[in-house]
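Notes follow once the structure below has been shown.
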Amino acid sequence: MTAIPVQFSEDQASAFDSVTELLRGAGVDLDDGLLQPPKGESGVMAVIGKAGSGKTLLLAELYKALENAGVDVVSGDYENRKKGDRRTLAILAPTNKAASVLRLRGVPATTIHRILYTPVYDPEYEKIAEWLADQGDEPDIEGLTEEALARAKGFYEKNKSIPGALAAAGLRGSDFITGWKRREEPLDIGFVDEASMLDDRQFDDLKEIFPNLVLFGDPAQLAPVNQSGSMVFDGLEEDRRLILNRIHRQEAGNPILDLAHALADPQLGFEDFERMVEETARRDDRVVWGQRVEVDLMARSPVLVWRNNTRIRLINAFRAVYGAPEDELLPGEPLICDGIELPMKHRKKRLDLEARGLIKGAQVVYLGPGRKPGFSRLHVMGAEDPQVSAASIVKIEKPEEEEPFIPFAARMGATFLHGAAVTIHKAQGSQWDTAQVFAPDIYAAARMGRVEAGQPLWKRLAYVAITRAQERLIWVVRNRLAKPSGTLRVDDLKTAPVALQLETQLEGEI
């Protein structure tokens with residue numbers, strides 16, 4: 001079948017042409033498919049638009065054009081042996097979840113952190129990686145049948161993930177990856193999705209790695225903390241800020257996007273907006289006027305709140321309805337990675353964990369205890385190879401108490417907060433099929449009258465929270481919790497690719 005050509009809107013076509021011109025100046029001619037050595041010219045450009053304006057479609061089409069022109073795509077899970085004249089592209093996102101959304105759309109995205117570190121492959125199994133990446137012949141590996149290699153090839157053609165393909169062949173990560181090393185040389189072209197989340201330090205780091213950088217961001221989202229309401233693309237010259245205005249996804253009659261874009265009306269007050277939500281819920285089941293928080297959803301899709309004390313109360317209510325004891329976690333409880341507490345002498349262990357997806361803000365599901373006290377078996381949501389075992393420090397915060405309760409902890413390792421509820425700030429970059437928004441918190445922000453970057457804070461909070469929902473939005477209007485329909489589960493996570501077994505490495509060293 002012949003693929004149906006993409007029909008760009010006028011603003012998308014103009015943005016595509018502008019990015020094409022930027023790349024041509026850097027020696028990559030998409031019109032003629034010609035690649036030249038870098039010319040020394042470089043620059044940063046931003047494609048800006050609200051949810052549904054077609055940023056992701058444009059990013060995907062630019063990626064396809066670069067790949068068709070012969071640019072090597074660096075995914076973060078394997079990097080071909082370097083050729084002196086090659087041109088490279090990396091597609092990045094700030095979080096695992098944001099990267100996984102792009103991968104599901106056929107775009108080989110990875111996290112910003114992951115591109116800083118490259119895996120070191122066992123030489124024998126690197127032959128498979130080279131073959132999958134069309135850099136070598138089909139290898140003859142002892143213990144791997146032709147059927148196993150065919151499974152690996154089939155997986156890679158669909159998902160563009162070397163570790164996932166090797167897992168499909170029946171290999172464990174520890175069979176083929178022997179360690180991680182920091183990237184020593186810069187790359188070439190970088191596309192960054194969810195660029196509204198970048199702070200100035202991350203932006204500077206990216207400019208050091210990528211002389212040619214294209215940012216894709218939403219100006220209506222919340223700016224990073226300590227950025228004074230500004231985003232990194234706000235400081236670019238006007239001709240380097242390409243604005244997408246048309247709302248493409250609204251052609252499908254998406255009521256969630258209708259609500260999000262209604263917030264741009266400067267005359268719209270909070271009460272008017274809530275009436276709009278209620279009226280929408282009456283005619284479309286993709287929007288729900290919720291009288292209570294649906295507790296069954298909280299294990300996979302956290303409740304989105306503004307106030308920290310609301311978050312803590314909801315987390316404790318979640319644990320109470322499932323009968324979770326204070327001195328341990330139940331398998332299936334959600335966690336949020338809050339960083340890694342390791343001294344400099346354990347730098348290798350830090351790289352191992354961060355490269356596996358345990359970066360700050362990562363959404364994780366607890367699977368059970370490890371083989372030593374303080375170790376946890378974890379599923380990292382959105383990671384390409386999600387099953388990890390690591391030394392863990394878990395903090396359960398309590399209402400009206402300054403110090404969190406720690407049900408168990410290693411002396412050092414990855415730190416976690418509970419993830420049944422998260423702040424809207426932390427939710428940026430993530431999406432869920434169903435998102436629950438705790439409306440009383442949005443109302444509290446409206447009553448305070450705070451303004452951020454010229455817009456009422458409550459509107460920015462509502463916009464970000466609403467656009468986290470891919471299929472269904474629940475606007476929760478009461479401080480109530482529904483009863484669970486069953487126990488917490490982890491069986492839905494067991495179909496993930498075979499994991500890297502870090503526990504045996506780390507338990508003996510930390």
Hey, is the main chain of [Y] close enough, under 3.5 Å, to the side chain of [X] for a donor-acceptor pair?
X	Y	answer
Arg286	Arg472	no
Gln12	Ser9	yes
Gln436	Leu473	no
Lys50	Leu244	no
Asp296	Ser485	yes
Ser196	Pro219	no
Thr280	Met276	yes
Lys395	Leu417	no
Tyr463	Ala51	yes
Ser392	Phe375	no

Nearest 0.5 angstrom please: [X] [atom1] to [Y] [atom2], how far?
X	Y	atom1	atom2	value
Gln455	Arg460	CD	CZ	5.0 Å
His261	Leu259	NE2	CG	10.5 Å
Leu242	Ile48	CG	CD1	7.5 Å
Ile406	Ile396	CD1	CD1	9.5 Å
Leu236	Met45	CG	CE	9.0 Å
Arg319	Asn316	CZ	CG	7.5 Å

Quiz prompt | For Lys207, all residues meeting salt bridge (Lys or Arg N to Asp or Glu O under 4.0 Å), sequence neighbours excluded | solution = Asp204
Practice problem: Sequence neighbours left out, what passes salt bridge (Lys or Arg N to Asp or Glu O under 4.0 Å) with Glu194? Give chain and number order. | Solution: none
Quiz prompt | Verdict with reasoning, Lys459 to Glu452, per salt bridge (Lys or Arg N to Asp or Glu O under 4.0 Å) | solution = CA-CA 10 Å; Lys459 288 188 175 182; Glu452 182 178 291; over 6 Å; no
Self-check item: Arg313/Asn479 under side-chain contact (heavy atoms from CB on, under 4.5 Å): CA gap, chis, key distance, verdict
Solution: CA-CA 10 Å; Arg313 288 201 311 272; Asn479 190 13; 4.2 Å; yes
Exercise. Could you list the residues that satisfy ring-ring contact (aromatic ring centres under 6.0 Å, His included) with Phe270, not counting sequence neighbours?
Key: Tyr443, Trp458
Quiz item: Taking only residues two or more places apart in sequence, or in another chain, which ones meet Phe416 in a ring-ring contact (aromatic ring centres under 6.0 Å, His included)?
Solution: none
Quiz item: Salt bridge or not for Asp433 and Arg300, using N-O below 4.0 Å?
Solution: no
Quiz prompt | Salt bridge Glu278-Arg282, side-chain N to carboxylate O under 4.0 Å | solution = yes
Where is the tightest heavy-atom contact between [X] and [Y], given as atom of each residue plus distance?
X	Y	answer
Thr467	Ala260	CG2-CB, 3.8 Å
Val464	Arg468	O-NE, 2.8 Å
Ala421	Leu314	CB-CB, 4.1 Å
Ala195	Val232	O-CG2, 4.0 Å
Ala435	Ala469	CB-CB, 3.7 Å
Leu488	Pro331	CB-O, 3.5 Å

Exercise. Could you give me the CA-CA distance, side-chain angles and deciding distance for Ile424 and Val305, then say whether side-chain contact (heavy atoms from CB on, under 4.5 Å) is met?
Key: CA-CA 6 Å; Ile424 295 169; Val305 305; 5.9 Å; no
Side-chain heavy-atom pair [X], [Y] within 4.5 angstrom cut-off:
X	Y	result
Tyr366	Leu330	no
Glu326	Lys398	yes
Val477	Gln291	yes
Val388	Leu358	yes
Lys360	Cys337	no
Val214	Leu59	no
Leu206	Ile112	yes
Trp306	Met448	yes

Practice problem: Indicate, with yes or no, if the rings of Tyr63 and Phe191 have centres closer together than 6.0 Å. | Solution: no
Quiz prompt | Output field: ring centroids Phe318/His418 closer than 6.0 Å | solution = yes
Quiz item: How are the rings of Phe8 and Phe16 set relative to one another: parallel (under 30°), tilted (30 to 60°) or perpendicular (over 60°)?
Solution: tilted
Practice problem: Determine, stepwise, if the pair Leu481 / Met298 fulfils side-chain contact (heavy atoms from CB on, under 4.5 Å). | Solution: CA-CA 11 Å; Leu481 206 65; Met298 294 171 73; 3.9 Å; yes
Practice problem: Apply side chain to side chain donor-acceptor pair (under 3.5 Å) to the pair Trp475 and Glu274, showing each step before the final yes or no. | Solution: CA-CA 9 Å; Trp475 186 262; Glu274 279 219 313; 2.7 Å; yes
Self-check item: Test side-chain contact (heavy atoms from CB on, under 4.5 Å) applied to Ala60 - qualifying residues, sequence neighbours left out
Solution: Val107
Practice problem: Could you walk me through whether Leu213 and Val192 pass side-chain contact (heavy atoms from CB on, under 4.5 Å), step by step? | Solution: CA-CA 8 Å; Leu213 200 57; Val192 185; 4.0 Å; yes
Exercise. Could you tell me which residues satisfy side chain to side chain donor-acceptor pair (under 3.5 Å) with Asn309, sequence neighbours excluded, listed by chain and number?
Key: none
Quiz item: Pick from Arg307, Arg311, Arg447: which one makes a salt bridge (Lys or Arg N to Asp or Glu O under 4.0 Å) with Asp441?
Solution: Arg307
